[in-house]
Amino acid sequence: MTAAPPTAPVPDRTVRVAGHRAGSVVRRRVARYVALYALALVFVSPLLYMLVTSFKTRADATGVTPSWIPDPFTTQAFQTLFSASDTPVLTWFANSMIAATANAVLVVATASMAAYPLARMQFRGKGIVFGLVVAMLLVPGVILVIPNYLIVSEIGWLNSLLAIIVPTAASAFGVFFMRQFFVNLPVELEEAALLDGANRWEVFVKIVLPLARPAMATLALLAFLTNWNDFLWPVYVLFSPETRTLPAGLATLQGANQVRYDLLMAGAVIASVPVMVLFSFLQRFIIEGVSRSGLKG
Amino acid sequence: MTATLPTDALATARASARGARRRRSPIDPAPATPWLFLAPFLLLFGTFVLLPAALGVWISLHDWDYTFPNHPFVGLENYQALIDPSSTASGPFWESMRATGIFTLASVPLLLVIPLLVAMMMNARFPGRNFLRAVYFAPFVLGVAVVSVLWRYLLDTNIGLVNHYLGLVGLPDATAWLTSLPWAWVALVGVTVWWTLGFNAVIYLAALQDIPAELYEAAHVDGASAWQRFWAVTFPGLKPVLMFVVVNTLILSANMFGQSYLMTEGGPGRSTRTAIYLIADTGLSSFQMGSAAAMSYILTVCLMILSAAIFWLFRDKDARRTGKKVRR
Amino acid sequence: MTNHTGRGRTVRAAALAATGALALAACSGGGDTPGQQQAAEFTGTYDGPEVTLSYWNGFTGGDGPFMQSMVDEFNAEHDNITVESNTIEWAEFYQKLPAAVTAGEGPDVGVMHIEQLSSNAVRQVIDPVDPLLEGIGLTADDFTQEIWDATEYEGQHYGVPLDVHSLAMYYNTEHFEEAGITEPPTDAESFGAALDALQEAGHEHPFWMPARWPAHLMFLSGVWQGGGEPYAADGASATFDSAEGVETLEWMRSMVDDGYSPASVDADAQYVAFKNGETSITFDGIWQINDLEESGLPYAAVPVPALLGEQATWASSHQFFLPHQNDPDEDKVAAAQVFVAWMSEHSGEWAGAGMIPARESVRTSGVLDGTVQEPIADAIDTMRFLPPVPGLGTIQAETLEVAVADGVLGDRAPDVALTEEAERATALMEENLARFGG
């Protein structure tokens with residue numbers, strides 16, 4: 001058996017590993033990619049069907065034989081959603097946008113600030129603070145739901161977007177994530193600046209944060225997505241149609257007596273478009289953020 | 001994108017004091033400086049994480065009806081009622097714990113294996129690889145609300161796409177996916193796998209890409225079969241992320257709520273009403289917050305024991321491995 | 001959805017706490033029942049400054065647009081009052097209203113179902129409306145005895161009745177013609193004959209039996225038809241596992257076993273199937289009338305046949321209520337009363353939503369002539385309501401509905417399911433009696 005010379009720089013290790021059986025391997029490779037693409041198509045077909053259904057009439061959407069082409073093609077479902085006073089989807093959309101954006105900003109700001117001293121400063125109590133942050137990473141969120149409802153009610157935030165924005169912004173994960181990033185930054189620049197007489201805040205804002213942009217972007221995206229998709233909490237703390245976020249609104253669309261699949265799919269499409277757009281432009285950040293969350297540092 | 005859990009959290013916590021000393025800054029900060037940086041976070045963290053974690057215990061010791069002005073102290077009665085099989089509370093609670101258990105047992109193995117297969121298929125350079133990676137990840141960026149509403153439609157017994165296609169290929173076309181057992185579980189687990197497999201796949205993929213190609217080569221030279229290569233090279237290469245993936249998947253599965261809330265409404269009967277579902281129902285719909293808080297603590301303790309067991313399992317092996325390395 | 005806490009000691013603790021609270025109230029000189037107010041005196045008109053009222057209801061179906069047009073009409077007639085509707089699906093409505101009112105985020109006026117009044121009264125989510133009833137001039141004579149009694153809790157009335165709505169039997173008139181059925185069935189015998197005729201005419205599953213909504217309403221109707229009662233009137237025990245209950249659930253299951261219905265009908269699937277012409281007969285609420293009218297389906301509606309004894313049908317009623325206000329705004333309270341009075345007087349228009357006006361004078365004024373629901377309204381004396389027992393709705397969802405679903409799906413034998421769940425329901429009802437100090 002002859003292996004390829006180990007020094008040759010071959011980019012694809014699959015080819016390299018199997019290089020000695022080139023003919024059948026090429027065929028197998030092609031077959032594999034075709035299979036991968038076919039599988040991927042099946043995999044996303046539910047999302048396509050959602051899109052198709054949102055342009056159907058009510059009767060077409062609940063027809064006995066499902067079809068992939070709306071007949072007739074109509075934007076009736078969207079129009080109904082936009083005009084109905086009890087399902088103000090545009091308001092829900094705005095609420096979700098505001099809440100997710102504000103939450104992401106709050107998470108990134110507080111987590112970066114908190115992570116910096118934990119990464120770079122020595123002080124009494126640091127071990128306790130960091131220990132608490134890590135401990136809370138390990139505690140399931142369930143135990144917070146009931147007491148937080150009471151706390152939010154005490155503050156007077158029930159039925160208000162603040163209840164969606166603020167409590168979940170206490171992100172132990174965010175602090176941990178940013179700290180890992182700061183720890184791995186070279187410390188020399190900061191030390192030089194400190195020796196030149198800059199104060200800690202100036203160092204943080206002018207030197208550390210610009211370097212941390214990729215990490216901040218990733219954290220912001222993860223926070224945005226988490227908040228945009230949050231379900232249990234908004235369902236219970238928001239009461240009126242005008243304060244609801246999209247996921248909570250979607251749940252109310254699924255009415256008790258009549259299932260309007262055309263409306264539901266249109267609502268689902270509206271809830272999906274922004275995250276899908278965000279995802280298609282920034283998927284590198286999101287996917288890398290996720291893959292990094294599993295790896296050390 | 002829910003709670004994520006870093007692998008080395010504990011180690012880092014322990015090392016934090018030591019670690020920072022390594023990179024001590026030339027100028028020591030004023031005593032207040034670190035606290036000023038920490039203040040905004042600590043305010044949020046204290047109010048919405050630490051305080052509720054403690055307040056929950058207090059609530060669980062009371063007959064706490066949110067709509068009533070008085071909340072009489074009842075000691076451990078809420079816990080006793082959940083444990084005492086003759087009380088009205090314990091039946092539904094353990095039924096819901098059982099539902100959570102079934103879902104976790106069924107979904108975790110699938111969510112560990114299927115994403116790995118996907119990641120291994122994608123671990124090669126080919127045209128459109130990033131695109132495909134994005135496709136498999138895509139459902140995950142949609143929330144549970146969208147996913148559940150969509151699948152409830154697709155799984156409808158009579159007008160759903162799933163039964164329609166099953167019928168076309170000659171399989172039974174009238175399965176009541178959402179209203180009969182065991183199909184409701186098949187549906188809930190299947191939808192969850194479809195929804196979240198991209199998350200674990202992406203993490204696996206990152207770990208696979210860190211495995212040096214030379215190792216595969218060497219294995220090949222040694223004449224190792226694909227199966228042997230997997231156990232000798234791939235699996236050890238996944239070790240660094242495996243604990244995270246296992247614990248994270250476990251906790252997320254045990255926290256399942258939205259899928260059964262929207263797809264099966266806990267049915268048929270009460271069979272797919274998970275513990276979280278019951279806690280939310282009891283505490284936030286019936287306003288029996290004391291009982292709900294007690295439930296959430298019991299569930300939490302169960303989860304923490306499980307996670308601790310997994311931590312211990314992985315830790316132990318890691319330690320042994322490092323030990324060997326040092327000796328060599 | 002359950003109320004669970006240890007029983008004996010809780011009661012004692014609650015009693016102690018209550019004594020404490022009373023003592024405190026006595027010290028501070030507060031004489032009234034803490035928190036509860038009577039609706040302020042009703043003057044009939046509102047001359048105050050402009051106010052906007054938040055009006056909560058659950059009319060998410062075909063009835064929604066009718067309610068909205070009535071609200072619009074009211075707004076047009078009243079320059080200084082603007083009513084803003086907040087329509088929330090009913091299940092969510094009952095979950096959120098207590099929280100919202102407790103948190104001071106509640107509405108100024110709203111509509112709820114008659115069987116929910118007592119649950120909300122005991123939690124002080126809603127206030128008594130006796131002065132308002134008096135002000136409008138409504139008395140027991142304006143309603144059927146059943147409705148009037150069901151709005152009362154602990155000697156006070158909590159709702160101003162808007163309508164009555166019951167279960168009805170809908171049938172596809174084309175299918176009936178094909179099967180040669182000339183008269184809609186009225187009893188078990190004619191019902192069975194109709195099903196057989198429909199099957200012979202090629203309608204394989206003429207009557208889809210749902211496991212969830214509205215299956216429990218069919219079950220309740222059956223119990224009442226047989227002469228049984230699902231719950232003891234004093235709210236101390238559940239009796240739906242009686243012989244009448246078992247017989248009803250066995251009959252429901254037999255629709256599947258005898259092949260008239262497919263097994264495991266999804267939530268709402270029976271209604272969708274009826275609209276698609278896949279099934280010939282379905283039992284559903286009269287609130288579906290508008291939706292069916294819109295669909296263009298050839299159909300008719302008649303009272304639910306007496307399948308299990310005498311004619312009797314589950315019914316409910318929409319009731320205007322006044323939410324408890326922690327910090328009442330007198331202008332809004334007065335305006336809300338004007339709104340309720342106006343709606344009650346104009347409840348004839350509400351018939352357009354497929355409903356039956358609750359006020360006898362309105363009902364018999366000819367507004368129902370020629371409507372789809374007219375034949376059903378004629379059977380108003382056979383309509384039955386759930387007793388005003390606090391917390392019953394939640395318990396029913398947890399027990400009776402589960403037993404019915406399991407029975408229909410064949411997961412448990414009807415008598416076993418009913419006995420087990422009735423036992424649970426009784427335990428829960430006892431706990432509630434203790435909790436709510438019945």
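Quick note on labels: first sequence line is chain A, next is B, and so on, each numbered from 1.
For a residue to count as touching a neighbouring chain, one of its non-hydrogen atoms must lie under 4.5 Å from one of that chain's; by this rule A:V166 touches chain B with backbone and side chain alike. For a residue to count as touching a neighbouring chain, one of its non-hydrogen atoms must lie under 4.5 Å from one of that chain's; by this rule B:I279 touches chain A with backbone and side chain alike. Proximity to chain A involves both the backbone and the side chain of B:L284, based on heavy atoms less than 4.5 angstrom apart. Using a 4.5 Å cut-off between heavy atoms, B:L197 touches chain A through its side chain atoms alone. Residue A:V269: no heavy atom, backbone or side chain, is found under 4.5 Å from chain B. Both the backbone and the side chain of A:W201 come within contact range of chain B, judged by heavy atoms closer than 4.5 Å. For B:W58, no part lies under 4.5 angstrom from a heavy atom of chain A. Both the backbone and the side chain of B:M121 come within contact range of chain A, with heavy atoms under 4.5 Å apart. The part of B:N255 that comes within reach of chain A is its side chain, from C-beta onward, which places non-hydrogen atoms under 4.5 angstrom from that chain. Interface remark: B:Y66 contributes side-chain atoms only to the contact with chain A (heavy atom separation under 4.5 Å). At a 4.5 Å heavy-atom cutoff, the contact between A:L39 and chain B is made by backbone and side-chain atoms alike. Heavy-atom distances place both the backbone and the side chain of B:V149 under 4.5 Å from chain A. The parts of A:V133 that come within reach of chain B are both its backbone and its side chain, each placing non-hydrogen atoms under 4.5 angstrom from that chain. Neither the backbone nor the side chain of B:L205 comes within less than 4.5 Å of any heavy atom of chain A.
Across A:P66 and B:I159, no two heavy atoms sit closer than the pair CG-O, 4.0 Å.
Rounding to the nearest 0.5 angstrom, the gap separating the CG atom in B:L142 from the CE atom in A:M276 is 4.0 Å. Atom OH of A:Y261 and atom CG of B:D156 lie 4.5 Å apart (nearest 0.5 Å). Taken from CZ in B:F48 to CG in A:L144, the straight-line distance is 11.5 Å, to the nearest 0.5 Å. Between atom CE of residue A:M265 and atom CG of residue B:L154 there is a gap of 7.0 Å, rounded to the nearest 0.5 Å. Atom-to-atom distance recorded for B:L55:CG and A:I143:CD1 is 11.0 Å, nearest 0.5 angstrom.
Between chain B and the residues A:V275, A:L250, A:L232, the largest count of heavy-atom pairs under 4.5 Å involves A:L232. Highest contact tally toward chain B, considering only A:A114, A:G63, A:P167, is held by A:P167 [criterion: heavy-atom pairs under 4.5 Å]. The most heavy-atom pairs under 4.5 Å with chain B, out of A:S153, A:A35, A:A248, A:G174, come from A:S153. Considering only heavy-atom pairs separated by less than 4.5 Å from chain B, the leading option among A:A111, A:S171, A:A115, A:A109 is A:S171. The candidate from A:V152, A:L278, A:L132 with the greatest count of non-hydrogen atom pairs under 4.5 Å with chain B is A:L132.
Put simply, the side chain of B:W194 reaches to within 4.5 Å of the side chain of A:P46, judged on heavy atoms. At a threshold of 4.5 Å between non-hydrogen side-chain atoms, the residues B:V135 and A:Y37 do not count as touching.
Judged by distance alone, with hydrogens and angles left aside, the side-chain atoms of B:Y153 form a donor-acceptor pair with the main-chain N or O of A:A61 at under 3.5 Å.
Between A:Y236 and B:F257, the ring-plane angle classifies as tilted under the 30° and 60° cut-offs.
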Step-by-step side-chain contact (heavy atoms from CB on, under 4.5 Å) determination, A:F123 to B:L38
CA-CA 12 Å; A:F123 56 98; B:L38 281 164; 3.8 Å; yes

Run the side-chain contact (heavy atoms from CB on, under 4.5 Å) test on B:Y261 and A:V235 for me, step by step, so that the C-alpha distance in whole Å, both residues' side-chain angles and the decisive distance to 0.1 Å come before the verdict.
CA-CA 11 Å; B:Y261 182 87; A:V235 159; 3.6 Å; yes

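Within 6.0 Å of CG in B:L168 there are more than 12 heavy atoms belonging to other residues, nucleotides or ligands.
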